[in-house]
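Convention: sequence-line order gives letters A, B, ...; per-chain numbering from 1.
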Number of protein chains: 2
Amino acid sequence: MVRSTPQTHGDILAAASRRFAVTGYRGTSLQDIAGEVGCSKAAVLYHFANKEAILTELMAPAIGVLRSLDDQIAAQPDPASAQRVAAEGFVDLAVRFRSEIALLRGEFPELLQQPVFAHIQLISERLIDALAGHPERPSARITALVLLAGIAETCGQFADVPDKELGDALLALLRRALEPAH
Amino acid sequence: MVRSTPQTHGDILAAASRRFAVTGYRGTSLQDIAGEVGCSKAAVLYHFANKEAILTELMAPAIGVLRSLDDQIAAQPDPASAQRVAAEGFVDLAVRFRSEIALLRGEFPELLQQPVFAHIQLISERLIDALAGHPERPSARITALVLLAGIAETCGQFADVPDKELGDALLALLRRALEPAH
DNA sequence: CACTGATCTGACCGATCGGTCAGCTCTGAC
DNA sequence: GTCAGAGCTGACCGATCGGTCAGATCAGTG
């Protein structure tokens with residue numbers, strides 16, 4: 001997949017990341033990216049098969065960590081520890097990859113339907129169940145979904161807040177807001 | 001502004017509302033709307049000056065209520081009552097207009113830059129301050145922003161939950177999660 | 001009847017999109 | 001010196017977008 005042209009390839013990724021963060025994925029054209037890199041649009045498509053491939057490569061690390069968090073949650077023996085692992089793992093994910101998450105800038109619904117994010121919907125449903133603690137209780141599911149969406153939607157805006165401070169604030173919020181599982 | 005052609009005018013609004021809810025504002029073309037109404041694209045543009053005018057008319061009631069909530073918050077004598085009014089008012093707004101809010105489907109960032117929503121950014125900043133209780137405390141602002149964005153982003157997904165049940169769940173969440181102002 | 005104005009249509013416009021393609025340039029191996 | 005291939009370009013493609021426009025239709029009015 002990844003061609004070995006380190007310089008330009010990386011430049012394109014960096015430029016795309018910057019542009020996506022400002023104007024979103026759909027709002028950024030290949031011409032925009034090419035302009036920021038200082039090459040032609042055709043050069044961008046020489047290094048990447050298509051526009052989606054750029055997004056795929058940018059999001060790959062975050063998706064990998066999300067997958068392993070999903071496995072980790074599934075391995076927990078009881079709902080209470082699953083809830084704790086889900087909360088801590090999700091906050092850690094959101095803080096570490098907040099710039100990558102910010103790229104999606106409110107385009108989750110459409111982007112989730114793209115092949116790259118095929119399994120993400122299932123994973124996030126399991127994540128909500130784990131966070132809710134009582135998946136059968138509507139208010140618990142509402143709480144979990146609001147917190148999950150809220151963190152995903154906003155974490156990218158706290159680029160200037162140190163990792164630890166942001167993580168502590170989010171974890172404290174989850175501990176206060178979630179209904180404890182038993 | 002509003003031409004007096006009740007039938008088609010209303011049909012277009014209803015069709016646009018349905019399509020926006022499924023494919024978002026940017027993801028819905030004038031041709032899509034015309035197709036759903038059963039008229040030509042030119043007919044749509046006969047009843048509305050442009051695409052944005054359709055969105056404007058759909059969102060007008062919700063924006064009006066948001067404006068009056070802003071005034072109401074500003075009139076409170078102390079931070080504690082401002083926080084209470086903000087929480088109750090915002091939950092009420094989100095529940096009542098959840099289908100309208102759902103139309104924006106994660107397009108807040110782009111749409112907020114359109115003239116229709118010119119003042120919304122200022123209003124939402126004041127709303128966050130009021131909800132935070134301690135606007136100078138970073139963790140309080142993070143909490144308020146996560147909750148505000150989370151509710152706005154998700155309330156449209158609870159179309160099948162009764163108003164009262166959804167409102168109670170959201171208000172209980174806010175009471176648990178927000179740091180009390182003094 | 002003639003005329004008017006509201007309603008609506010099909011054809012069209014310029015702009016922009018993601019993507020393709022033939023061919024240019026340069027470097028390194030033989 | 002020559003050849004191959006990586007890297008890149010400009011021109012181009014078909015599709016789609018929001019929006020315009022001249023004109024057809026038709027109901028109401030005098």
Practice problem: Specify the separation, in whole Å, of atom CD of A:Gln7 and atom C1' of D:dC8. | Solution: 14 Å

Quiz item: Would you say B:Ser40 reaches C:dG10's phosphate, i.e. side-chain N/O to OP1/OP2 under 4.0 Å?
Solution: no

Exercise. Nearest 0.5 Å please: distance from the CG atom of B:Leu148 over to the CZ atom of B:Phe90.
Key: 4.0 Å

Quiz prompt | Test item: B:Gln76 side-chain N/O and B:Gln72 main-chain N/O as donor-acceptor pair under 3.5 Å | solution = yes

Quiz item: Closest to the A:Lys41 side chain: C:dG19, C:dC21, C:dC8?
Solution: C:dG19

Quiz item: Are B:His47 and C:dC8 close enough that a side-chain N or O sits under 4.0 Å from OP1 or OP2?
Solution: yes

Quiz item: Just how far, in rounded Å, is C1' of D:dG18 from CG of B:Asn50?
Solution: 9 Å

Quiz item: Is A:Glu88 salt-bridged to A:Arg175, going by a charged N under 4.0 Å from an acidic O?
Solution: yes

Quiz prompt | Gap between atoms CZ and P, on A:Arg26 and D:dT16 respectively (whole Å) | solution = 16 Å

Quiz item: Is B:Thr8 near enough to C:dC8 that one of its side-chain N or O atoms lies under 4.0 angstrom from OP1 or OP2?
Solution: yes

Quiz item: When you measure from the side chain of A:Ala42, which nucleotide among D:dC8, C:dG10, C:dT20 comes out closest?
Solution: C:dT20

Exercise. Measure the distance from NE2 on A:His9 to P on D:dA6 and round it to the nearest whole Å.
Key: 16 Å

Quiz item: Does A:Ser29 make a side-chain N or O approach to OP1 or OP2 of C:dC17 shorter than 4.0 Å?
Solution: yes

Quiz item: Rounded to the nearest Å, what distance is computed from the CG atom of residue A:Leu55 to the C1' atom of nucleotide C:dG18?
Solution: 15 Å

Exercise. Indicate whether OP1 or OP2 belonging to D:dC8 is found under 4.0 Å from a side-chain N or O atom of A:Tyr46.
Key: no

Quiz prompt | Nearest-Å distance for atom pair CD1/C1', residues A:Ile33 and C:dG18 | solution = 11 Å

Practice problem: Round to a whole Å and report the spacing from CG of B:Leu45 to C1' of C:dC12. | Solution: 14 Å

Self-check item: Given D:dT9, C:dG18, C:dG10, the nucleotide with the shortest approach to the side chain of A:Leu30
Solution: C:dG18

Quiz item: Measuring from A:Ile33:CD1 to A:Lys41:NZ, what's the distance to the nearest 0.5 Å?
Solution: 11.5 Å

Quiz prompt | Residues A:Arg67 and A:Asp71 bridged, charged N to O under 4.0 Å | solution = no

Quiz prompt | Spacing of B:Gln31 atom CD relative to D:dG19 atom P, expressed in whole Å | solution = 14 Å

